[in-house]
J.: 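I'd like to ask some things about the structure below.
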Amino acid sequence: MPLFSHRSSSSSAVSAAGSAPLPSFYSAKPIKPSKSFSSFPVSRTPLPILVFSLICLIIGLSGTLFAVSAIRRRQPLPVFRCGKSEDTFRAFYSSTVSANLGDGNKQGLADRPKLLGFVGIQTGFESGDRRSALRSTWFPSDPDGLLRLEQSTGLGFRFVIGKSKDVKKMAMLEKEIEKYRDFMLIDVEEEYLKLPYKTLAFFKAAFKLFEAEYYVKADDDIYLRPDRLATLLAKERSHSLTYIGCMKKGPVITDPKLKWYEKSGHLIGNEYFLHAYGPIYVLSAEVVASLAAARNNSLRMFNNEDVTIGSWMLAMNVHHEDNRAICDPRCTPTSIAVWDIPRCSGLCNPASKLKELHNISMCSKSPTLPPDDR
């Protein structure tokens, strides 16, 4: 084949010319590479430096990822504290004010919001059904509604609750707080026998968190008309030290087997002094300021919370204002608070009774009369 014949001829030609001198660019000696083409020596980075650089890189990447995740993470709403008391609604309040101002800060939030009155609805860990019933009747069920009620009446409302050593109870409370944001948390053990201590803690916390003209203690088993309560509090009064409630007197219970037993009854005598029923009463700002300044162990605590408050009022020389509209046993055109007096200290079967009352037009829809007609 031509290809092989070509290779044969080439080989013969080379053999024939074996004695002929090679061209000048050929040499029989091996060619040494020029110095100009010599390879550069490879420099090796020390191992410790490589390890250190790698660690720095990892730390830098980790910091960047953490910063990005922190920015993108949903920030929890702040909780406003006063000592160990907390107002879980103020976070929503501050964000709403900032949005209305059109900026991203909280400059519109007052340290102590000014109100006509602050109403603390006393509640407990076993009263979830009552709070649910209240939120389905006169008490707003969302932060927007709670804020609108505050703006329309000048009254702030919160559920007031202490603490518990039961982890499950506290966990359930946290879920309810996250959903509704309508609690004031106070640093006192939630226990029926410690109601006087809880009441004092409530007034101290309320005074430091809110600048109100009046502070209202109310239980979670009464039906309340906020608009009429605001009308009552807006009345002009000549006494700066005022104690408003359904006033009563009665025999001191000294039998330990009876419900309203008073351990320190011997200090009182046979009959109680004039004091308000416990389900709801009102103290003016100057009265609460005095309570807030008092040391916890400087005030005498009786077994019954309403008696305890009444004893403090006697010592402070307040004006007792008796108002039967806040202890009405039925809904009327002038009733402010409705509960089953004297059968129950509040409503009997409150979870169901609250809804029944709310469905009565006289309770929920009747107009608020002007102050002069009350």
Side-chain angles (χ1 to χ4, degrees), residues 110 112-122 149-158 196 199-200 202-219 222 224-250 268 271-294 298-300 305-328 332-339 341 367-374:
R112 293 179 69 218
K114 292 185 177 181
L115 299 169
L116 171 62
F118 178 78
V119 184
I121 309 297
Q122 311 298 307
L149 180 61
E150 180 178 311
Q151 293 171 339
S152 63
T153 62
L155 305 179
F157 293 86
R158 303 288 187 277
T199 303
L200 178 60
F202 156 65
F203 282 122
K204 285 176 175 286
F207 182 76
K208 292 181 180 179
L209 289 171
F210 297 91
E211 184 180 351
E213 296 179 37
Y214 296 93
Y215 296 84
V216 183
K217 178 265 178 185
D219 289 343
I222 65 173
L224 186 65
R225 281 289 298 261
D227 53 343
R228 293 178 182 171
L229 178 60
T231 301
L232 171 65
L233 300 184
K235 289 175 59 177
E236 293 188 8
R237 292 176 174 84
S238 58
H239 302 278
S240 59
L241 299 173
T242 303
Y243 174 34
I244 308 171
C246 285
M247 300 299 166
K248 63 172 180 174
K249 286 185 177 181
I268 302 173
E271 186 180 56
Y272 281 119
F273 39 79
L274 188 68
H275 64 284
Y277 278 98
I280 180 172
Y281 53 84
V282 184
L283 302 181
S284 63
E286 286 195 28
V287 176
V288 177
S290 298
L291 295 179
S298 66
L299 298 172
R300 181 174 294 279
E305 172 254 340
D306 54 351
V307 174
T308 301
I309 296 295
S311 68
W312 299 345
M313 298 303 101
L314 284 179
M316 296 173 64
N317 194 31
V318 304
H319 172 69
H320 291 62
E321 183 178 316
D322 185 23
N323 191 310
R324 313 315 285 186
I326 61 177
C327 59
D328 208 325
T332 67
T334 59
S335 58
I336 298 173
V338 179
W339 46 284
I341 183 175
T368 299
L369 299 178
D372 293 340
D373 297 336
R374 303 274 324 265

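Heavy-atom basis, side chains included; hydrogens, waters and symmetry copies ignored.
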J.: Residues two or more places apart in sequence or in another chain: which of them pass ring-ring contact (aromatic ring centres under 6.0 Å, His included) with W312?
T.: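 Expected list: none.
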
J.: Listed by chain and number, what are the side-chain contact (heavy atoms from CB on, under 4.5 Å) partners of S152, not counting sequence neighbours?
T.: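 Counting only residues at least two positions away or on another chain, S152 forms a side-chain contact (heavy atoms from CB on, under 4.5 Å) with L149.
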
J.: For D322, check side-chain hydrogen bond (donor to acceptor under 3.5 Å, both in side chains) against everything at least two apart and list the hits.
T.: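 For D322, the residues satisfying side-chain hydrogen bond (donor to acceptor under 3.5 Å, both in side chains) (neighbours in sequence not counted) are R324.
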
J.: Restricting to non-hydrogen atoms, name the atom on K208 and the atom on R112 that form the minimum distance, rounded to 0.1 Å.
T.: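 K208 and R112 have their closest heavy atoms at O-CG, 3.3 Å.
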
J.: With rounding to the nearest 0.5 Å, note down the distance linking CE in M247 to CE in M313.
T.: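 Interatomic distance, M247 CE to M313 CE, rounded to 0.5 Å: 9.5 Å.
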
J.: Sequence neighbours left out, what passes side-chain contact (heavy atoms from CB on, under 4.5 Å) with S298? Give chain and number order.
T.: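 Listed in chain order: A294, R295.
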
J.: Considering only heavy atoms from C-beta outward, does the side chain of M316 approach that of L291 to under 4.5 Å?
T.: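 Yes, their side chains come closer than 4.5 Å.
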
J.: Quick check: do L283 and F203 have side-chain heavy atoms less than 4.5 Å from each other?
T.: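 Yes; the side chains approach each other to less than 4.5 Å.
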
J.: I need the minimum non-hydrogen distance between A276 and Y281, along with the two atoms involved.
T.: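 Closest approach of A276 to Y281: CB-CB, 3.9 Å.
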
J.: Applying side chain to side chain contact (heavy atoms under 4.5 Å, CB included), run through V287 and Y243 and close with a yes or a no.
T.: CA-CA 8 Å; V287 176; Y243 174 34; over 6 Å; no

J.: Determine whether a donor-acceptor pair (N or O, by modelled atom type, separation under 3.5 Å) exists between the side chain of E236 and the backbone of A234.
T.: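 No, E236 side chain to A234 backbone: no donor-acceptor pair under 3.5 Å.
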
J.: Is there side-chain contact between I336 and D328, with heavy atoms separated by less than 4.5 Å?
T.: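 They are not in side-chain contact.
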
J.: Please report the closest heavy-atom contact between P113 and L209, naming both atoms and the distance.
T.: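 Smallest interatomic distance, heavy atoms only, reads CD-O, 3.3 Å.
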
J.: To the nearest 0.5 Å, tell me how far K235 NZ sits from T242 OG1.
T.: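 Separation between the atoms: 11.0 Å.
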
J.: Evaluate the side chain to side chain contact (heavy atoms under 4.5 Å, CB included) criterion for residues L233 and V282: first the C-alpha distance (whole Å), next the side-chain angles of each, then the deciding distance (0.1 Å), finally the verdict.
T.: CA-CA 9 Å; L233 300 184; V282 184; 3.7 Å; yes

J.: Got L155 and L229 here, is their nearest side-chain heavy-atom distance under 4.5 Å?
T.: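 In short, these two side chains touch, coming nearer than 4.5 Å.
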
J.: CG/L314 to CD1/I309 distance, rounded to the nearest 0.5 angstrom?
T.: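 Nearest 0.5 Å value for the CG-CD1 distance: 12.0 Å.
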
J.: Which pairs, with at least one residue in residues 276-290 and sequence neighbours excluded, count as a salt bridge (Lys or Arg N to Asp or Glu O under 4.0 Å)?
T.: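 Listed by first then second residue: nothing to list.
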
J.: List in chain and number order the residues that pass side-chain contact (heavy atoms from CB on, under 4.5 Å) with I268, two or more places apart in sequence or in another chain; answer none if no residue qualifies.
T.: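 I268 satisfies side-chain contact (heavy atoms from CB on, under 4.5 Å) with V252, E262, Y272, F273, F302, V307 only.
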
J.: Okay, side chain of R228, backbone of P333: is any donor-acceptor separation there less than 3.5 Å?
T.: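 Flag set: sc R228 to bb P333 pair under 3.5 Å.
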
J.: Could you give the distance from OG (S240) to NE2 (H319), rounded to the nearest 0.5 Å?
T.: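 So the OG of S240 and the NE2 of H319 are separated by 11.5 Å.
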
J.: Under the salt bridge (Lys or Arg N to Asp or Glu O under 4.0 Å) rule, what pairs show up with a residue in residues 238-248, not counting sequence neighbours?
T.: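 Salt bridge (Lys or Arg N to Asp or Glu O under 4.0 Å) check on residues 238-248 returns K248-D306.
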
J.: Report yes or no: does T332 contribute a side-chain atom to a donor-acceptor pair with the main-chain N or O of S335 at less than 3.5 Å?
T.: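 Flag set: sc T332 to bb S335 pair under 3.5 Å.
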
J.: With the side chain counted from C-beta on, respond yes when L232 and E321 share a heavy-atom pair under 4.5 Å apart, and no when they do not.
T.: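 Counting from C-beta outward, L232 and E321 do come under 4.5 Å.
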
J.: Looking at residues at least two apart in the chain, or sitting in another chain, which of them share a ring-ring contact (aromatic ring centres under 6.0 Å, His included) with F207?
T.: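 Checked F207 against ring-ring contact (aromatic ring centres under 6.0 Å, His included); zero matches.
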
J.: Side chains of F157 and F118: closer than 4.5 Å at any heavy-atom pair?
T.: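 F157 vs F118: side chains apart.
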
J.: State the CD1-SG distance between I326 and C246, to the nearest 0.5 angstrom.
T.: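 Spacing of CD1 (I326) from SG (C246) equals 5.0 Å.
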
J.: Nearest 0.5 Å please: distance from the CD1 atom of I121 over to the CG atom of L224.
T.: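 The CG atom of L224 is 6.5 Å from CD1 of I121, to the nearest 0.5 Å.
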
J.: Show me the side-chain donor-acceptor pairs of residues 210-218 shorter than 3.5 Å, one per line, residues at least two apart or across chains.
T.:
residue, atom, partner, partner atom, Å
Y214, OH, R237, NH1, 3.3
Y215, OH, F210, O, 2.6
Y215, OH, A212, N, 3.2
K217, NZ, D219, OD1, 2.8
K217, NZ, G278, O, 2.5
K217, NZ, E305, OE1, 3.3

